[in-house]
Amino acid sequence: MVESQSWTNSFSTSFKNIHELYRFLDWELTPALEKVAKTYPVFIPRRLAEKIKVQGPQSVLAREFLPIESELDPDFKGLEDPIGDKTYHKAPQLIHRYESRALFTPTTICPVHCRYCFRKNELNVADEIFQQDFVETIAYLKAHPEVSEIIFTGGDPLTLSNDKLEKYLTAFSEVSSIKDIRFHSRYPVILPERIDDGFLALMEKFKSRFRTITLAIHANHVDEFDEINRQAIKKLTSSSMQILSQTVLLKGINDSTEVLLNLYQEFISLKIRPYYLHHPDQVKGGMHFYLPLRQGREIYHGLRKLIPGWALPHYVIDIPGGHGKISAMNPESTTFSGQLISKDGELVSIQEPDFFI
Ligand code: SF4
């Protein structure tokens, strides 16, 4: 398969050196920021850096992607593996936490380093999975036919070349219990050149081999969109893929009903189906983005009043320690306390009939 050079060029010319980046921005690089970037390096494509330069140091884009001193603040205590992924590594690059689906992490490389990332302490370690390991991964899936969906994650799975993606998709299509494929990616917004003809042709080629192929696009704020990435997203929504949204609720970025409303209106205009709104994970180096669950619930309640149910994302939280994802609006687990949250955000008591108890 012939690959477009353009996205690989955009990727390889990205800013990886903090000095070069700040020279380009023409902003002051303090020793403290330099120190942060040694622990959590920058990675910013040139087009994104140009947008950051235009929008300024206080902009949403600057806060999402440039280092700040709080990342090393010892008072902000967070976890290296906030959602407990390591507990569920069942085969090489395979995390099997939920019965019917498994996360496949073939790369830890991304098109940008998001400063809030829940995997920020694991990024850029490797982008290769060796043949022998992959044989083991496939053997695990054949022995676990309850897994019907493979979720490509990372890092960002679209960092893989089209040839590598084809190799993995071919192997998964030969496991009869795998019905659905999903990608979670920031590329369509951050490095939209990645949505090249080869990628679209590949998805077309595999559409009859799987029940669904889904791409969840990661975006947090309407300022991330421009005419170039909107065009790439239109190619995706015109394809046979199912296109969903994925957003992280972040203090100082999108922690208001109004900002989220603008974002979800953008998703709706682009025909992206709202899927997940994640409460932020308690990640080491990203705790300055954290906000209390109570506040997140108030924001979500506001959103719920303003957009129809079909345009409303699931507001979810990953419980630290590997306990998995649950609704962030649910004050409990499977036991019912006798109270539900009303449309006004109040707890209301519900008396259930005796015969259910
Ligand atoms: S693209 Fe995703 S995995 Fe990569 S740094 Fe951003 S949030 Fe993390």
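Read the numbers this way: they start at 1 and go in the same order the structure lists the ligands and their atoms.
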Any Lys/Arg nitrogen of [X] or [Y] sitting under 4.0 Å from an Asp/Glu carboxylate oxygen of the other?
X    : Y    : value
R194 : D196 : yes
R47  : E50  : no
E20  : R23  : no

Before you tell me yes or no, could you show the steps for S10 and E193 under side chain to side chain donor-acceptor pair (under 3.5 Å), namely the whole-Å CA-CA distance, both residues' side-chain angles and the distance that decides it to 0.1 Å? CA-CA 8 Å; S10 303; E193 305 90 305; 2.6 Å; yes
Considering heavy atoms of the protein only, find what lies nearest to [atom] and give residue, atom and distance to 0.1 Å.
atom                    : result
atom 6 (Fe) of ligand 1 : C114 SG, 2.4 Å
atom 2 (Fe) of ligand 1 : H218 ND1, 4.2 Å
atom 4 (Fe) of ligand 1 : C110 SG, 2.2 Å

Kindly indicate whether a cation-pi arrangement holds for K90 with Y140, taking the cut-offs as under 6.0 Å to the six-membered ring centre and within 45° of the axis. no
Which of the atoms in ligand 1, numbered in the order shown and given with their element, are less than 4.0 Å from a heavy-atom of [X]?
X    : answer
G155 : 3 (S)
V112 : 5 (S)
C117 : 3 (S), 5 (S), 7 (S), 8 (Fe)

State yes or no: are the ring centers of F289 and F76 separated by less than 6.0 Å? no
Logged contact type for R119 with ligand 1, heavy-atom cut-off 4.0 Å, is neither
Atom 8 (Fe) of ligand 1 and H113: any N/O/S contact shorter than 2.8 Å? no
